[in-house]
2 protein chains.
Amino acid sequence: MNSPARITIKDVAARAGVSKGAVSLAFNQKPGVSDATRQRIFEAAKELGWAPNLTARSLSSQRVDIIGLALCRPARLLGLEPFYMDFISGIESVLADRSYSLLLRLVRDLDEETELYKSWWRSQTIAGAILVDFHEDDPRVPSLQSIGLPAVAVGHPSLTGSFPAVWTDDATAAAEAVRYLAALGHRRIARVGGPVGLGHSAIRATAFAATMRDLGLEEGRQIATGFDGSEGARATRSLLVSAERPTAIVYDNDIMAVAGAGVAAEMGFVVPDDVSLLAWDDSQLCRITHPTLSAMSHDVHSFGAQVARTLFAVIGGQHTGSVQVPTPSLTPRGSTAQAPARS
Amino acid sequence: MNSPARITIKDVAARAGVSKGAVSLAFNQKPGVSDATRQRIFEAAKELGWAPNLTARSLSSQRVDIIGLALCRPARLLGLEPFYMDFISGIESVLADRSYSLLLRLVRDLDEETELYKSWWRSQTIAGAILVDFHEDDPRVPSLQSIGLPAVAVGHPSLTGSFPAVWTDDATAAAEAVRYLAALGHRRIARVGGPVGLGHSAIRATAFAATMRDLGLEEGRQIATGFDGSEGARATRSLLVSAERPTAIVYDNDIMAVAGAGVAAEMGFVVPDDVSLLAWDDSQLCRITHPTLSAMSHDVHSFGAQVARTLFAVIGGQHTGSVQVPTPSLTPRGSTAQAPARS
DNA sequence: CGGTGTGACTAGACCGGTTTATAGACAGTG
DNA sequence: CACTGTCTATAAACCGGTCTAGTCACACCG
């Protein structure tokens with residue numbers, strides 16, 4: 001169509017009266033050019049408005065400055081989960097420092113995700129990848145390990161094969177949640193969790209059940225959902241109409257807790273007098289509802305940053321072990337209180 | 001470190017007993033190779049597990065299959081706004097069809113954003129860009145126009161210079177919101193909006209004021225915020241304690257409306273009996289609170305898809321005009337009702 | 001039978017950088 | 001003064017594709 005003759009390294013070299021090689025050396029801070037020449041080269045580049053063509057650069061240097069992230073949750077849900085954007089922004093904060101960018105793709109299922117990563121890796125599009133939402137016996141682990149994709153896994157090390165994991169101790173956090181509610185006198189505690197297949201949901205479920213047992217409480221009812229607000233609402237409704245109505249409910253994310261609070265209000269239950277609710281993640285959402293939501297809170301942004309740092313270590317060829325980030329801790333707010341007097 | 005001799009087009013060519021060129025032709029669905037040969041080539045490629053190196057491809061074809069998107073809102077906020085992820089997923093749905101990917105970056109301010117786009121464009125990293133959140137006299141317009149970056153602007157055409165705009169009629173929607181509330185008998189209507197500088201906030205503000213005037217209502221109070229939940233709460237608090245307390249409040253997004261509902265409850269006002277609240281965007285959030293939130297609703301996913309389609313047209317060299325997507329329309333739910341009897 | 005197409009295929013230039021081997025200039029040294 | 005070493009700078013190979021110009025075989029035509 002047009003292209004007013006793109007400026008290349010050659011033009012800059014000509015203008016500065018040097019060779020292509022010299023320009024390359026100057027721009028990569030390498031020795032081999034005098035300060036005076038370097039200066040001249042920078043000036044020429046500035047006058048011409050030149051910046052190195054990254055495509056050409058990565059072709060010849062066999063290096064690429066893009067990280068891949070595929071997310072495999074329904075779009076509708078992603079929009080709602082404050083978690084992801086916060087997580088992504090944490091990743092970005094580290095990438096930006098090193099002039100890396102994040103390539104994002106939403107996929108429908110794990111197979112599509114695996115294929116995408118394979119294709120990105122084979123085609124040298126990405127330098128490494130971030131894998132999230134691990135399932136038990138996750139199919140991505142063997143496939144992606146075998147092609148040697150540098151990646152860091154966000155999930156419990158027991159799930160992530162040989163990929164270095166960045167993980168948070170969900171089991172301990174789940175136990176703390178139960179203990180806290182028990183300490184408030186609650187004896188019938190329920191949990192509204194994520195899908196059964198999902199690794200961290202399973203871990204929380206197990207820890208939840210074990211802690212209930214430890215404390216001598218009857219086994220709490222647990223309902224698996226798809227993290228979706230409306231599913232959270234449905235689960236809450238089902239819990240609140242049951243004969244053995246729980247007096248406290250733990251949710252696996254903030255959205256479902258908000259939905260739960262909505263359902264409680266709709267059914268005439270007062271939070272926290274009739275039922276205590278405990279959210280998970282502690283995004284800003286927990287602070288703007290009424291009552292405010294008590295939550296298991298952690299720093300999702302830092303979590304993302306740590307993931308990115310670990311990935312750089314992996315790409316750099318270091319044999320990184322798994323990294324544990326701080327365990328979510330309880331932040332009490334207005335949605336939890338003493339259990340109501342025995343009914 | 002290792003690299004088990006990366007497979008290139010040459011290896012595939014050798015294995016299939018043809019030249020590099022033939023492999024290239026076969027893989028790009030171009031004529032010039034017989035079906036039999038094509039077949040052999042594909043087999044060879046499959047056996048070797050080869051996929052074209054996209055870096056090399058874009059270098060020689062001067063084409064790139066990546067779209068850039070820089071978002072310039074504080075990370076904390078992005079996580080909360082259901083809008084963006086939904087919007088992004090709409091974009092993705094179109095990109096994926098054409099095997100394009102989305103390069104995402106969070107930036108701190110418009111200057112950083114401008115520089116980033118310039119650098120992406122000069123370095124041939126992206127084929128085009130999506131610009132969002134236009135301000136009045138947006139500095140990005142002249143800078144990016146002058147370098148010839150193919151881009152589509154999400155915002156009212158009056159703000160986007162010569163960039164093709166994809167926009168939604170906020171003025172009409174804002175007027176509809178006011179008219180609806182007025183029809184319910186509200187006479188003191190307030191608005192909690194976005195930052196004054198932001199284009200669509202300004203448009204809504206103007207339309208809001210104009211409609212109030214048209215209906216013969218006293219000028220409604222409008223408060224500018226940063227879209228943040230806590231700011232929405234603060235604004236609502238300030239409105240509800242004022243002498244001229246409004247009986248209806250329109251918010252510029254869902255989060256602030258949720259926060260507003262929280263504040264109302266905290267202050268003992270019943271929604272919608274004492275005060276009606278109207279959200280904007282209508283994410284799932286509006287359906288899970290209690291009461292549910294009435295909202296100006298639109299299809300953000302399709303919006304994103306339309307933006308992507310328009311961008312492809314621009315990249316393809318078509319002189320696209322601006323495209324208008326459907327105007328947000330009112331979806332009444334539980335947070336709006338007749339105005340309380342005259343106090 | 002020579003001339004003209006046409007389709008299949010190849011050699012090699014090219015994209016815009018990086019990197020290596022090498023040349024030249026100059027200073028220091030025995 | 002020849003000899004070595006250091007520093008600056010260059011030419012050319014290279015990365016892995018695309019793409020143009022051209023070769024070749026074969027059929028078709030007058």
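Every chain is numbered from 1, with letters handed out A, B, ... down the list of sequences. Because only heavy atoms are used, hydrogens play no part in the values below, and waters and symmetry mates are left out as well, while side chains stay in.
Distances shown here put a side-chain N or O of B:S19 below 4.0 Å from the OP1 or OP2 atom of C:dT10. Contact annotation: A:T55 does not reach the phosphate of C:dG16 (side-chain N/O to OP1 or OP2, under 4.0 Å). Close to C:dT18, at under 4.0 Å from its OP1 or OP2, lies no side-chain N or O of A:S61. Close to C:dT19, at under 4.0 Å from its OP1 or OP2, lies a side-chain N or O of A:R63. Put simply, B:Q124 has no side-chain N or O that comes within less than 4.0 Å of OP1 or OP2 on C:dC15. Contact between the side-chain N/O atoms of A:T8 and the OP1/OP2 oxygens of C:dC15 is not found at any separation under 4.0 Å. Between B:N53 and D:dC15 there is no side-chain N or O to OP1 or OP2 distance below 4.0 Å.
Protein atom CZ of A:R122 is 16 Å distant from nucleotide atom C1' of D:dG17, rounded to whole Å. With rounding to whole Å, A:I9 atom CD1 is found 13 Å from D:dT10 atom C1'. A straight line from NZ of A:K20 to P of C:dT19 spans 13 Å, rounded to a whole angstrom. One interatomic measurement links the two molecules: CG of B:D11 to P of D:dC15, which rounds to 11 Å at whole-angstrom precision. Look at CZ on B:F27: it is 16 Å from P on D:dG16, rounded to the nearest Å. Distance, A:L59 CG to C:dT18 C1': 10 Å, rounded to whole Å. In this structure, CG of B:L25 is placed 10 Å from P of C:dC9, rounded to the nearest angstrom. Rounded to an integer number of Å, the gap from B:R57 CZ to C:dG17 P is 21 Å.
Both tests hold for A:R140 against A:F134: distance to the six-membered ring centre under 6.0 Å, angle to the ring axis within 45°.
Among the heavy atoms of the strands lying under 4.0 Å from A:V18 are primed sugar atoms or P, OP1, OP2 only; no base atom is included.
In this structure, the nucleotide among C:dT10, D:dG16, C:dC9 sitting nearest to the side chain of B:T37 is C:dC9. Closest to the side chain of B:S60, from the set C:dT10, C:dG17, D:dG16, is D:dG16.
With sequence neighbours excluded, the residues forming a salt bridge (charged side-chain N to carboxylate O under 4.0 Å, His left out) with B:K118 are B:E115, listed by chain and number.
Between B:G21 and B:Q62, the residue anchored nearer the 5' end of DNA chain C, judged by the nucleotide with its closest heavy atom, is B:G21.
Counting only N and O atoms by type, the side chains of B:Q306 and B:S302 include no donor and acceptor under 3.5 Å apart.
A donor-acceptor pair under 3.5 Å is formed between the side chain of B:N28 and the backbone N or O of B:S24.
Looking only at side-chain heavy atoms (C-beta outward), B:V307 and B:F303 come within less than 4.5 Å of each other.
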